[in-house]
Structure formats: C-alpha cells, structure tokens
Amino acid sequence: MTLSVSLRADRPVPLEVAFEVAPGELLALVGHSGSGKTTILRSIAGLWTPSSGQVRAGGTVWLDTGAGIDLAVHRRSIGFVFQSYALFPHMTALGNVLTAMATPDRAEAARLLDLVNLHGLADRKPAQLSGGQQQRVALARALARKPSVLLLDEPFSAVDRATRERLHAEIIALRSHLAMPVVLVTHDMNEAQLLADRMLVIQNGRLVREGTTAQVMADADALRAMGIREVAALLPAVIAGIEEDGLTRLDTATGPIFLPGVQGDPGTRLRVRIMAHEIILSRARPTGLSAQNILPARVTKLTQGDGPAVTVHLSVGEAELLARITRRAARDLALAPGDRVHAVLKAMSVARDHIAPASRHV
Amino acid sequence: MDWTALFLSLELAAWTVAILLPVSVLTGRFLAFRQFGGKGLVEALVMLPLVLPPTVFGFYMLVAFGRNSPLGSLWQELFGHQLVFSFEGLVLASVIFNLPFAIQPAQRGFEAVPVAVREAARCCGLSPWRSLRKVELPLAWPGVMTAMVLTFAHTLGEFGIVLMVGGSIPGETKTVAIAIYDRVQAFDDRGAGIMAATLVAISLATITATYALSARLGRRLS
C-alpha cells in the first residue's frame with residue numbers, strides 16, 4: 001500500500017510538504033537539522049499533529065485534519081526506529097520484539113532476530129548489547145508488527161563508522177523482505193545515496209528538490225543550497241580479487257579499479273560511491289601519474305549551475321559517473337557530449353563506508 | 001502492650017497504602033508527563049501537607065469533616081454516624097496528609113522514563129493502558145515503591161492529625177502513636193517503652209524488606 005503524506009504547519013517549524021512513497025520503495029528525507037525532516041516523520045507516526053494535513057496508508061486514513069480524523073499512534077500500523085534505539089530496558093531482546101506483536105509468537109520473534117543477525121543474543125538485555133546490536137533489536141521490533149509503513153529516524157547516527165557500514169549492508173540485504181513503504185530521515189548524504197531509491201531535500205520545512213537518488217545527487221545546485229559539495233554517483237563493480245600489495249581489484253564496465261580495504265569474496269557485486277570532485281578528466285589516457293584508477297568513459301551531458309563548476313555526466317558502460325570540473329577546464333578540454341575521455345580516480349579518495357553491496361532492489 | 005492500638009495503626013496504614021497506590025501511579029504519571037497551566041500550583045498543593053503543622057492541617061480537616069460541613073452531613077446521612085472521630089474519617093485524613101509522600105516519589109519515577117521509550121511503546125502498538133502496565137510502570141516502579149514505603153511508615157508515625165481528627169477512641173481511632181502518648185501521660189514508662197520499641201521494629205522491618213525487594217527488582221530490570 002502506498003503512503004501519501006501532505007502536511008502544513010507554522011510551528012515549531014514552518015512546514016509545507018506533500019509526497020508519496022510506493023510499496024517497497026525507500027525514500028530518504030534529507031536536510032539540515034532543524035529543516036523539519038524529523039517533524040515530517042513524527043507526523044506520519046502521529047507523535048506530532050500538524051495544523052493541517054492528510055496522511056493515508058493505502059486505503060486507511062491516519063490523519064485528515066479537514067475531516068477531524070487523527071488516529072492515535074498505537075492504531076497506526078507503523079514500525080518506528082529511533083535514533084536513540086529506545087528499547088525497553090527491562091526486557092530482553094526477545095521480549096522487546098514480542099511486546100510489539102499483536103499476538104506474541106516466539107518462533108516469529110526469533111526469526112526476526114536472526115534476520116537482523118542477532119542469533120544467540122535473544123536473552124540479552126539492552127544494557128548488555130552494543131549500540132549496533134541495540135539498533136538491530138530496534139529494527140526487529142519495528143518489523144514485528146508487520147507494519148504498513150516503516151519509519152527510520154536517523155537510525156545509524158549514534159553508532160560508530162564501522163558498525164554503520166555493516167548496518168548499511170544489512171539494510172540493503174533486508175530490502176527484499178521489506179514490502180512496505182520505507183521513509184528514512186538522515187543528514188548523511190552517503191547513507192541516503194547508498195540506501196534510498198528516491199530522495200526529498202527538505203529546507204525550512206519545504207521540499208526543495210525531489211527525484212531519484214541519482215538525480216538528486218547529481219544536482220550540484222540543490223546540494224549547494226544545503227551547503228554541501230557532495231555531488232556523487234554510484235559505480236557498480238565486482239570484486240575480482242586481492243592484489244599482492246593489499247589493494248582490492250574491482251572490475252567495472254570499462255576496466256579495473258584498485259581500492260584499499262574492500263572486504264568480500266571474488267564475485268561479490270558492489271556499488272562504489274564516487275565523489276564528483278575527486279575525478280580528474282583527461283582526453284588522452286594519462287601516463288606517469290600516481291593515480292592508478294583510469295576508466296575510459298564517454299561524455300553524455302554537461303550541466304552548468306550557478307557556480308564556477310560544471311558537472312560532466314559520463315557513461316561507464318551502463319552506469320553513470322559524475323565529474324565536477326571548473327568551467328575553465330571544460331572550455332580548455334572543449335568537452336562535448338559524445339566525447340571519449342578518461343576518468344582518473346585516486347584510490348585513497350574512496351572512503352571505506354562509501355562502498356556498499358549491490359542492491360538487488362534497484 | 002496495647003495490641004488493639006497496634007493493629008489499628010497497621011490497618012490504617014494498609015488502607016492508606018491501598019487507596020493511595022492507584023492515586024500515586026495515576027497522579028504521579030500525569031504530573032510527570034503532562035505540561036499544563038497551573039501545574040506549579042497543583043504540585044505546591046500536593047506538597048502542602050508536608051509544610052503545614054499537623055495541628056493546622058488537622059484543624060482544617062476537623063472543620064471539613066465536621067457534622068456541619070457538606071461532606072460531614074452527607075456522610076452522616078449515608079452511614080448514620082459522623083465522619084470525625086471515626087476510623088473512616090481517620091483513613092480519609094491519612095490519605096490526604098500522605099499525598100506528598102505518595103505522589104512526589106512516583107512522579108520522579110515516571111519522569112525517569114525516557115520520552116523516546118514511551119514513544120516507542122506507542123509506536124509498537126501498545127495502547128496507553130498496556131504501555132503503562134508493560135513499560136512505564138515497571139520502569140517507574142522504584143519510585144512508586146518508595147512512595148508506598150514512605151506512606152506506610154508515615155501513617156504509622158503520624159500523631160498530631162490523628163489526635164485532631166480522630167480523638168483517641170480505643171479500637172476506632174486510638175493508634176499506637178496515641179497509645180504511647182497515653183501511657184507516658186499515665187507515667188507507665190514500661191508500657192510506653194515496649195510499644196515504642198515494637199513500633200521501631202515493625203517500621204524498620206517493613207522498610208528493610210521493601211528496599212530489599214526493590215533492589216532485587218532493580219537488578220532484574222537493569
């Protein structure tokens with residue numbers, strides 16, 4: 001069932017948004033803290049009531065201020081994962097999951113804990129679990145009701161980077177089990193890009209940009225409005241093997257790249273988030289360069305925004321790679337759609353948590 | 001040893017605790033979770049019995065429960081005897097003067113339950129009643145427990161208000177605290193001493209037992 005949301009409020013932040021999320025779709029709400037993205041999520045859950053608006057999940061109306069409908073939180077079929085985990089501290093992991101079930105089913109609860117990789121930890125209390133494990137319990141608990149809508153409020157911001165990386169991979173693997181609309185609130189653009197199908201950029205309670213993740217992450221102006229230089233694309237790659245020097249060789253559509261610290265068996269399909277400002281373009285295949293990753297590509301489009309830079313869209317096989325270069329450089333190279341170029345990438349410029357398993361979903 | 005007085009005291013304390021337990025939970029929870037205009041005044045009113053001299057408080061209750069008061073005359077009409085100088089009147093007075101002991105610790109207990117945990121309970125589909133029973137109460141229990149121990153102990157020990165509202169009718173309103181005072185007045189130091197020591201022993205045993213139970217509960221919860 002589709003989730004459709006339309007909200008308006010003047011306080012505590014001005015808010016005016018309308019959007020829909022399809023079943024199985026993961027929508028990321030991104031924006032600064034204070035932009036209103038968490039307020040939107042809380043309005044869907046019923047933890048906050050806007051001055052006017054509608055929230056519908058499939059055929060069920062959860063909120064319709066015009067008709068005087070405002071369903072209580074516990075009557076809305078939601079799963080909610082909090083930033084602070086918010087587990088019931090007096091219950092075990094299993095108890096937390098069972099409590100969220102309309103009719104407690106131990107076998108099903110154990111299956112959910114297995115699904116989030118918590119096998120063998122069912123009898124632990126939250127205080128005996130790490131942050132990452134607690135958030136896994138919270139996720140299992142949110143799924144225990146078989147909710148119509150799953151809401152994730154900055155779910156990975158309280159855990160360390162390595163745990164976050166693992167949780168990202170687990171969420172990607174879990175996607176095939178999530179048939180409901182999923183709304184993720186995050187300020188982490190990397191997280192949004194790796195996990196979401198679609199993104200809404202929220203600023204001062206308004207929707208300033210909406211589109212597929214690839215579209216939004218290629219829109220330099222929209223990102224600059226948020227104060228970030230994070231134009232980036234996801235490059236599909238397959239682990240080919242570990243080289244003698246410790247680098248991992250990844251095969252892409254147009255050639256190999258070598259990156260440090262990539263874990264996984266040969267044949268594992270990955271997506272590598274490549275920041276557009278880390279890419280150097282060259283007409284001829286460069287030699288005598290320390291950067292080892294040189295991918296042949298074809299220019300498909302140049303987009304120029306308000307700033308001094310140009311975004312060059314490149315096709316690498318089926319995939320798209322983005323490069324941010326100055327207008328001056330674009331002019332000197334006389335780049336035009338259809339041109340063959342080489343995209344040069346420094347191995348060390350790819351952060352470890354910018355690499356995620358390929359999604360079976362998107 | 002005035003066993004009648006001792007059992008009367010224990011009975012009074014038991015009734016007071018039984019009546020105040022739901023009051024403590026519901027009012028404590030309400031004051032902990034809700035913000036409303038005049039909340040400060042309500043909290044001050046709850047605390048009032050703590051600062052007023054028992055005689056002042058007892059005097060007002062005597063007036064409020066008296067035969068000429070609306071409450072007193074209604075009681076007389078319903079039950080055929082007056083409210084003051086009766087066990088029921090004593091229970092009512094005891095409930096009122098124990099409000100600060102019953103509500104304040106419970107309120108602190110509920111305030112210690114994180115907002116996100118309460119919201120999580122609602123997001124897990126728990127109705128307000130189930131949320132109270134399964135999540136809020138178990139977490140706020142140390143506060144509620146303290147409230148009940150204090151109420152029990154304070155009822156056993158109250159003297160001024162009991163004397164003002166109840167008088168000293170054996171088997172009806174003569175509690176052990178009053179009986180001890182009577183013995184002292186009658187120069188029966190031995191009788192007073194035995195009763196005083198018994199009261200100390202019972203109070204100490206009650207408080208120790210509850211705290212031990214409470215600590216065990218606390219370990220189970222954490």
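Numbers restart at 1 for each chain; the letters A, B, ... are given by sequence-line order, proteins then strands. In this text, all values refer to a predicted model and were calculated from it rather than measured experimentally.
Contacts with chain A were tallied for P128(B), A121(B), P114(B), S127(B); S127(B) has the most, counting heavy-atom pairs under 4.5 Å. Ranking R75(A), Q83(A), M101(A), H74(A) against chain B, the residue ahead of the rest is H74(A), based on heavy-atom pairs under 4.5 Å.
A salt bridge links R161(A) to E165(A): one of the charged nitrogens lies within less than 4.0 Å of a carboxylate oxygen. Between E111(B) and R108(B) there is a salt bridge, with a side-chain nitrogen of the basic residue lying less than 4.0 Å from a carboxylate oxygen of the acidic one.
Neither the backbone nor the side chain of L151(A) comes within less than 4.5 Å of any heavy atom in chain B. For S84(A), the part lying near chain B is the side chain, with the backbone staying farther off; criterion is any non-hydrogen pair under 4.5 Å. Of the two parts of R118(B), neither the backbone nor the side chain holds a non-hydrogen atom closer than 4.5 Å to a non-hydrogen atom of chain A. Only the side chain of L47(A) comes within contact range of chain B, with heavy atoms under 4.5 Å apart. In this structure, no portion of R76(A) lies under 4.5 Å from any heavy atom of chain B.
For the pair R141(A) and F80(A), the cation-pi test (distance below 6.0 Å, angle within 45°) is failed.
Aromatic ring centroids of F30(B) and F36(B) lie under 6.0 Å apart.
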ring-ring contact (aromatic ring centres under 6.0 Å, His included) between F152(B) and F101(B): does it pass, once the steps are laid out? CA-CA 9 Å; F152(B) 189 86; F101(B) 300 95; over 10 Å; no
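Below 30°, between 30° and 60°, or above 60°: for F159(B) and Y181(B) the angle between ring planes is above 60°, a perpendicular geometry.
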